[in-house]
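Read the numbers this way: they start at 1 and go in the same order the structure lists the ligands and their atoms. Everything numeric here is computed off the predicted structure, so don't read it as measured data. Computation of the quantities below employed the complete heavy-atom set of this structure, encompassing side-chain atoms and omitting hydrogens, waters and symmetry-equivalent molecules.
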Amino acid sequence: MKEQINQLMDVVAGFSAQTAEELEALRIRYLSKKGIISELFNDFRHVPNDQKRDIGQLLNALRDAAQEKYSYLRTEIEARNCVSEQSDMTRPADPVGLGTRHPLSLVQNEIISIFSRIGFTVAQGPEIEDDWHVFGALNFAPEHPARDMQDTFFIEKNPDILLRTHTSSVQTRIMTGQQPPIRVLCPGRVYRNEAISYRAHCFFHQVEGLYIDQEVSFADLKQALLYFAKEMFGEATRIRLRPSYFPFTEPSAEMDISCNLCAGKGCAFCKQTGWVEILGCGMVDPNVLEACGIDPQKFSGYAFGMGVERITNLKYQVKDLRLFSENDVRFLNQFQ
Ligand code: DAH
């Protein structure tokens, strides 16, 4: 019997089957209830006791080897069938999914492109800043609410370090680093301690503009912003400047454009006023120039700052700010 089992071991090792039918024939011949291996197990009764241990082990090994070989061949045949049934090698390949630019990137790039045509270059600064660059140099009073934990994210261990709340901090870095003429745009992400909702987020994006030279006037500011509004929202767009307050500019203003949805006639979007606010601006406060090492007797300048989400909402009527950071491709795909 030992002989027979060893021979069968060789046979099993050489098992081969090209088709499911061939494989089934092997199974019936060797592994079924009436197959060769089961017969051997039946004969096992007659094996003398002193050989039972050896032969038993051999028999078990034979059965395991046969079953293993059978499973292997079955997987191979199934895989082959799967390929031949489902694959049409002449079918065109799946299109490579090209990504699209994020709407905020599109709009930010457009803002940069518009201002670069009138001589602005791009500058960047760190998102983790110190109090002086974000507030101190920009003429914020020590007790200004922006310096409160309610509004600003401070680093716990060192309250002098914080996440910038506006890109005006890059103004500080530029002005302390070089003398006029300065004409830069500073795009970037900013952070505020706000509860997240459809209209507020704890981070968003701004583009800051800064122009400093001799004899820069408010008229220059107005002209640059009118040019921007027309390029961004169409030739028919009108602007208006409302007096406002920012610590770092004097005088300060907020700029509205005629509502781009109703062309200024009044609609739900502009709350029937015909105007929508798009940015803050003003003449750089002499205190700021001085703090940054620029002589206010010699130089003057203007600055403006706008929210990229705000401009994007106006251009594309995105009603929920959260969409910008959720990475839902159904939303993102719409911006080609
Ligand atoms: N930093 C202001 C803000 O975050 C925006 C701003 C207003 C920037 C007026 C300016 C400016 O440069 O002149 O709300």
Q | Per-atom contacts, ligand 1 versus Q206 - under 4.0 Å to a heavy atom | A | 3 (C), 4 (O)
Q) Relative to F44, does K52 satisfy both conditions: NZ or CZ under 6.0 angstrom from the six-membered ring centre, and within 45 degrees of the ring's axis? A) yes
Q. Cluster partners of I128, using ILVMFWY side-chain heavy atoms under 4.5 angstrom, listed by chain and number?
A. F153, I155, I161, L163, Y191, F203
Q. Under 4.5 Å between any side-chain heavy atoms of D151 and N193, yes or no?
A. no
Q: Show which atoms of ligand 1 fall inside a sub-4.0 Å distance from at least one heavy-atom site of S168.
A: 1 (N), 8 (C)
Q) What protein heavy atom sits nearest atom 14 (O) of ligand 1, and how far away is it? A) R192 NH2, 3.8 Å
(Q) Distance under 4.0 Å to a non-hydrogen atom of G282: what atoms of ligand 1 satisfy this? (A) 13 (O)
(Q) Under 4.0 Å, counting heavy atoms only: does R164 come that close to any atom of ligand 1? (A) no
Q: Answer with yes or no whether F248 contacts ligand 1, where contact means a heavy atom under 4.0 Å from a ligand atom.
A: yes
Q) Salt-bridged, E76 to R80, with N to O below 4.0 Å? A) yes
Q.
Quick one, I196 and H201 - any side-chain contact, counting heavy atoms below 4.5 Å?
A. yes
Q: With heavy atoms of F246 as the reference, note each atom of ligand 1 found under 4.0 Å away.
A: 7 (C), 9 (C)
Q) Under 4.0 Å from any heavy atom of T249, which atoms of ligand 1 are there? A) 13 (O)
Q.
For atom 12 (O) of ligand 1, tell me which residue out of M306, E208, E250 has the closest non-hydrogen atom.
A. E208
Q.
Using a 4.0 Å cut-off to any heavy atom of Q171, which atoms of ligand 1 qualify?
A. 12 (O)
Q: Please work out whether any backbone atom (N, CA, C, O) or any side-chain heavy atom from C-beta onward of M283 is under 4.0 Å from ligand 1, and answer side chain, backbone, both or neither.
A: neither
Q) Does the distance from a Lys or Arg side-chain N to an Asp or Glu carboxylate O, for R310 and E277, drop under 4.0 Å? A) no
Q. When clusters are formed from ILVMFWY side-chain contacts under 4.5 Å, directly or step by step, what else is grouped with V190?
A. F204
Q: Measure up the Y211 and F120 rings against each other and bin them: parallel (under 30°), tilted (30 to 60°), perpendicular (over 60°).
A: perpendicular
(Q) Counting C-beta onward and ignoring hydrogens, is there a side-chain heavy-atom pair between P187 and V308 closer than 4.5 Å? (A) no
Q | A303 N/O to ligand 1 N/O under 3.5 Å | A | yes
Q) Which ligand 1 atoms, with their elements, are less than 4.0 angstrom from a heavy-atom of F304? A) 8 (C), 10 (C), 11 (C), 12 (O), 13 (O)
(Q) As an exercise, identify every atom of ligand 1 less than 4.0 angstrom from a heavy atom of G280. (A) 7 (C), 9 (C), 11 (C)
